[in-house]
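As structure tokens, the structure follows; a few thoughts come after it.
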Protein chains: 2
Amino acid sequence: MTGSVPNAPRIPTVRDVAALAGVSPMTVSRTMSGGQNVSAEVRTRVHAAADQLGYRPNQNARNTRLRQPTGLIGVAVTNLGNPYYGQFALGIEDEAARHNRHILIGNSREDPLREAELLDGFTGRQVEGLIVVPAGNGLGFADRLGSLPRVPLVLATRSIEGLEKDTVLVDDVGGAHAGTASLIGEGHRRIAFLGDVDGIPTARRRFQGFTEALAAAGIPFDRALLAPVRDTAAASVAVQQLLGQPDPPTAFFSVNNRTTVGALRALSGHRSTTGGRASALASFDDVELADLLGIPLTVMSHDPRALGAQAASLLFDRLAEDRLPEHGPARPRLVQMPVTVRRYPSPPKG
Amino acid sequence: MTGSVPNAPRIPTVRDVAALAGVSPMTVSRTMSGGQNVSAEVRTRVHAAADQLGYRPNQNARNTRLRQPTGLIGVAVTNLGNPYYGQFALGIEDEAARHNRHILIGNSREDPLREAELLDGFTGRQVEGLIVVPAGNGLGFADRLGSLPRVPLVLATRSIEGLEKDTVLVDDVGGAHAGTASLIGEGHRRIAFLGDVDGIPTARRRFQGFTEALAAAGIPFDRALLAPVRDTAAASVAVQQLLGQPDPPTAFFSVNNRTTVGALRALSGHRSTTGGRASALASFDDVELADLLGIPLTVMSHDPRALGAQAASLLFDRLAEDRLPEHGPARPRLVQMPVTVRRYPSPPKG
DNA sequence: AACAGCAATGGTAACGTTATCAGCCAGAGT
DNA sequence: ACTCTGGCTGATAACGTTACCATTGCTGTT
């Protein structure tokens, strides 16, 4: 890791361009950054030399000299392969592009160690700010954060208890409540919950909304209907098992798009083998094509791209404020993104 | 954009740590990078001071001084919101993490101007290499490339005619040929093609495989069955129109996951309203849940994550080679990722 | 006792960039 | 002829870092 590259072709610098154009490095610098106070003749000569050598100003050296921010934003997500976080990253990228910033992205794989590595790397590269989806349950995050530098940090999707930072969440509790209420309104009483409630905080919040809706309707929750699954395959197996029980649930609440896909596979298979009345499914997160399967489906839908854009927006607000701290730092902000409940097939009008 | 930040809290440097620990900056530097030849007593004092100030070595300054590479890889994709490119990015990230690199990611939105901006920004930030999915049809890319620096470049998913660079492609022609042959084997003769053949090169290559398979079976292609669609909504409309024709196609070839989703919506709706025999669909790219819809489906499947990993792998090979150019630069490599054809429901055994 | 060898530490300079200041020269105003 | 202005150019130093060399003081050998 240490030591310079022996045979790498040298990248041209201001000095190389200056020598070729027959001027001083200073004149090259001036020409490259606007060309104020440079004669037209010299300007063209410098540009020609720069083009010939393929010269690009070294932004890193530039930032060092100017004590300027780097224009970099660090983003750490838990699973880049999940389409959800693709949309999320897209929202951030849009907003970052608008503010003329680039994004450094990293995948923590829900691993706090990898997350710490990432944040270390980001800060070492002098990012101006961080947007983080905390890995796992976020335990210990605040401790690790203690050693982070003072760049602005926005938490997305998951909050950290006791950590006062700008945060963007989905209205998990309200959305889950509304979705569950919709199932109850259709007459369901035995509703299973698919999701690992002890894992990530998001699942816990959705479970909270779920139980609140049950309680509001006076329905006790049978703990036997709680399936602590975390991925597609496990969700599929759990649904099959639950349907095989003596007193099976008539509906399922699925905690995210991964478990929903698993549940849909199981329900689809079950319907075709038994021919019985299809069990209903309520899904937190949209899943493409799910509405075509003929399974009674309630979707608690939200927009990950908007969430990403919102997170970036909070971050840039904070950066702007740091530049003009007239009133001292503002208190951390918490934004909840709205959740919409939809029903497939659409309920009859009236 | 120019000018330093007035009120930003100063970020601690080696000098600050040195002053606090009562040693020279040099000793701090040594301590932070391994601690060779530093007494245990001083080492602990320096670490304490660094922790107290929240000091992080400035990687940018470090790289400048060491003439070391930055550990950054630039990645430009055309649509970060497409789950396909999420998986692709994941593959790159995996491989980059293995090589201890970070990735700068940008979304070109199929816009060559934005793409050029991105690549400029990346190279200005001294990335060690670039992985690019060329925007649009790639026309003019080589010209823009002329002004790029000499860092290694890997093209992914789409190649640029006349540009000799490391490239990773999907076996579009072979895959499309095999998928089409599968439809023909099931007895289909009138097969529509959903995809904009004049747009991105990938679509053109898949169309080539499609027509080759038809030709091999002695089936002429009716140009009326070519629907130049680029997104989900347009694909859906096109399928409806084609099915409404006097002599409708019995099968559809869909050029990518976006058009497949549109086609599935249309076919699903058509089947439920007419009750007739369902038209078959061959889809280039996997689509989650598509196999559950009860529509005869042939999938030409490939692994975007593996593709990303392969692209990154080529890049790191090239970087390693640049370090030890014993035999001069190797010729550009072209890797074709394999395509697997699957049938849903599975064909009977035997 | 003299000296080599080595560990620990610091001074200096350089990476590529640009802010700052100083110098030069042409043309305008007196 | 003289300053004065303002456009153009370059020398110097500094951003935060570390390679390189010099210096100090210690141990172990002869």
Side-chain angles (χ1 to χ4, degrees), chain A residues 1-6 8 10-46 49-50 53-71 123-126 149, chain B residues 1-6 8 10-46 49-50 53-71 123-126 149:
Chain A
M1 273 296 113
T2 316
S4 65
V5 178
R10 239 177 57 72
I11 291 171
T13 73
V14 260
R15 263 185 279 275
D16 300 317
V17 178
L20 184 59
V23 296
S24 76
M26 199 54 236
T27 300
V28 175
S29 172
R30 257 190 288 259
T31 308
M32 297 313 286
S33 53
Q36 290 298 314
N37 289 350
V38 180
S39 72
E41 196 262 334
V42 168
R43 194 156 43 212
T44 48
R45 221 166 63 222
V46 168
L53 296 175
Y55 168 73
R56 308 265 126 168
N58 181 332
Q59 281 297 336
N60 294 338
R62 200 156 189 277
N63 291 327
T64 306
R65 171 64 240 243
L66 295 176
R67 288 167 155 244
Q68 254 184 5
T70 52
T123 55
R125 281 176 181 81
Q126 311 298 112
Chain B
M1 274 294 112
T2 317
S4 66
V5 178
R10 238 176 58 72
I11 291 171
T13 73
V14 258
R15 264 185 278 278
D16 300 316
V17 178
L20 184 59
V23 296
S24 78
M26 201 51 238
T27 300
V28 175
S29 172
R30 257 189 288 258
T31 308
M32 298 312 288
S33 53
Q36 290 299 313
N37 289 350
V38 180
S39 72
E41 196 262 335
V42 168
R43 195 157 42 213
T44 48
R45 221 165 63 222
V46 168
L53 296 175
Y55 168 75
R56 309 263 127 168
N58 182 332
Q59 280 298 335
N60 294 338
R62 200 156 189 276
N63 291 327
T64 305
R65 172 63 242 247
L66 295 177
R67 286 167 157 247
Q68 253 184 5
T70 51
T123 54
R125 281 175 181 81
Q126 311 298 111

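Naming: A, B, ... by sequence-line order, numbering from 1 per chain.
- Residues from residues 15-29 of chain B lying near DNA chain D, meaning a heavy-atom separation below 4.0 Å, are B:R15, B:M26, B:S29 in numerical order.
- Between the P atom of C:dT17 and the CZ atom of B:R125 lies a distance of 14 Å, rounded to the nearest Å.
- Rounded to a whole Å, the CD atom of A:Q68 is 12 Å from the C1' atom of D:dC15.
- For the OP1/OP2 pair of D:dT9 and a distance below 4.0 Å, the side-chain nitrogens and oxygens of A:S39 include at least one atom meeting the criterion.
- Here the C1' atom of nucleotide C:dA19 and the CD atom of A:Q36 are 15 Å apart, to the nearest Å.
- Within the structure, every pair that satisfies the salt bridge (Lys or Arg N to Asp or Glu O under 4.0 Å) test and touches residues 15-25 of chain A, not counting sequence neighbours, is listed here: A:R10-A:D16.
- Residues satisfying the side-chain hydrogen bond (donor to acceptor under 3.5 Å, both in side chains) test with B:R45, not counting sequence neighbours, are B:E41.
- Distance check, rounded to the nearest 0.5 Å: CD of B:Q59 to CG of B:L66 gives 9.0 Å.
- Judged as a side-chain contact (heavy atoms from CB on, under 4.5 Å), and not counting sequence neighbours, the contacts of B:N58 are A:Q126, B:N60, B:A61.
- Taking for each of B:V38 and A:A61 the nucleotide of DNA chain C with the nearest heavy atom, the 5'-most of the two is the partner of B:V38.
- Contact check, B:R67 against C:dG16: a side-chain N or O comes under 4.0 Å of OP1 or OP2.
- The terminal axes of the helix from C:dA1-D:dT30 to C:dT30-D:dA1, fitted over 5 pairs per end, subtend an angle of 60° to the nearest 10°.
- One can place CD1 of B:I11 at 10 Å from P of D:dT17, the figure rounded to the nearest angstrom.
- Atom-to-atom, CG of B:N37 to P of C:dG10 comes out at 13 Å; the value is rounded to the nearest Å.
- The nucleotide whose nearest atom lies closest to any side-chain atom of B:R65 is, among C:dG16, D:dT18, D:dT9, D:dT18.
- Atom CZ in A:R62 sits about 13 Å away from atom C1' in D:dC15, given to the nearest Å.
- The side chain to side chain donor-acceptor pair (under 3.5 Å) analysis of residues 26-38 of chain A, with sequence neighbours excluded, yields the pairs A:S24-A:T27.
- Taking OH from A:Y55 and OG1 from A:T13, the interatomic distance works out to 7.0 Å, rounded to the nearest 0.5 Å.
- Contact of B:R30 with C:dG10 (side chain to base): a donor-acceptor pair of N or O atoms is detected under 3.5 Å.
- The shortest non-hydrogen separation linking A:A21 to A:A49 is CB-CB, 3.9 Å.
- Between B:G71 and A:R125, the shortest heavy-atom distance links the atoms CA-NH2, 4.0 Å.
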Check: protein-nucleotides 23-28 of chain C nitrogen or oxygen pairs below 3.5 Å:
none

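- Distance CG (B:N60) to C1' (D:dT18): 15 Å, rounded to an integer number of Å.
- The side chain of A:P57 has C:dT17 as its nearest neighbour among C:dT9, D:dT17, C:dT17.
- Whole-Å rounding puts the B:M32 CE to D:dT18 P distance at 9 Å.
- Closest non-hydrogen pair, B:L53 versus B:P12, comes out as O-CG, 3.4 Å.
- Closest to the A:T13 side chain, of the nucleotides D:dT17, C:dG16, D:dT9, is C:dG16.
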